[in-house]
Amino acid sequence: MGWFSNNKTLSTNDLDKLLKEISVLQQAEREYVKGLFTKYQSGGINKMEVEKAIREMKFNTSDIIDTTEAEAIREKLLSYL
């Protein structure tokens, strides 16, 4: 890592709190997103894992998250990181 690297990660509690702050998400959608992030979590969710999960949500047309919601999630989580 470089001198100015940011190693900040999101815990599951942080993720839950931030998702509740996104008004466009319903409870079922928040639960879906939390479940999706469990496969990317390795001791905490970092920026790269956020980007991977968001990409998956945007390109998976059969899930319950639309592109606008995915972008709102991305912006909220990356603002924390």
Side-chain angles (χ1 to χ4, degrees):
M1 296 285 156
W3 285 90
F4 300 106
S5 293
N6 181 355
N7 294 327
K8 192 170 185 179
T9 60
L10 283 166
S11 68
T12 52
N13 288 336
D14 294 330
L15 177 63
D16 189 44
K17 186 173 82 173
L18 292 169
L19 290 175
K20 286 179 181 175
E21 293 175 9
I22 303 172
S23 60
V24 296
L25 293 181
Q26 297 177 2
Q27 180 63 31
E29 293 168 326
R30 283 194 295 272
E31 293 302 320
Y32 173 80
V33 173
K34 287 191 289 186
L36 179 63
F37 272 101
T38 59
K39 72 178 175 182
Y40 292 106
Q41 186 175 0
S42 55
I45 302 164
N46 63 32
K47 283 183 179 184
M48 186 174 72
E49 292 164 331
V50 168
E51 293 291 356
K52 285 180 187 177
I54 297 301
R55 199 171 319 126
E56 183 174 334
M57 284 185 260
K58 283 183 174 180
F59 293 114
N60 183 353
T61 57
S62 64
D63 72 7
I64 61 174
I65 303 295
D66 66 29
T67 305
T68 305
E69 292 166 332
E71 194 56 36
I73 295 165
R74 179 184 177 278
E75 288 175 13
K76 187 64 155 181
L77 299 185
L78 291 182
S79 73
Y80 180 84
L81 295 172

If every non-hydrogen atom of [X] is compared with every non-hydrogen atom of [Y], which pair is closest and at what distance?
| X | Y | answer |
| --- | --- | --- |
| A72 | V24 | CB-CG2, 4.5 Å |
| R30 | L25 | NH1-O, 3.0 Å |
| L36 | M57 | CD2-CG, 3.4 Å |
| N60 | S62 | OD1-OG, 2.7 Å |
| F37 | L77 | CZ-CD1, 3.6 Å |

Starting at [atom1] of [X], measure out to [atom2] of [Y] and round the result to the nearest 0.5 Å.
| X | Y | atom1 | atom2 | answer |
| --- | --- | --- | --- | --- |
| K47 | L10 | NZ | CG | 11.0 Å |
| I73 | L78 | CD1 | CG | 11.5 Å |
| Y32 | D63 | OH | CG | 3.5 Å |
| K17 | K76 | NZ | NZ | 9.5 Å |
| E31 | Q27 | CD | CD | 4.5 Å |
| L15 | T9 | CG | OG1 | 11.5 Å |

State whether the side chain of [X] and the backbone N or O of [Y] hold a donor-acceptor pair below 3.5 Å, judged by distance alone.
| X | Y | value |
| --- | --- | --- |
| D16 | N13 | no |
| E69 | D66 | yes |
| K8 | Y80 | yes |

Exercise. Please indicate whether Q26 has more than 12 foreign heavy atoms, meaning atoms of other residues, nucleotides or ligands, lying under 6.0 Å from its CD.
Key: no
Quiz item: So does K34 have more than 12 non-hydrogen atoms from other groups sitting under 6.0 Å from NZ?
Solution: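 Yes.
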Practice problem: Identify whether the distance between the nearest side-chain nitrogen and carboxylate oxygen of E49 and K52 falls below 4.0 Å. | Solution: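 No salt bridge links E49 with K52.
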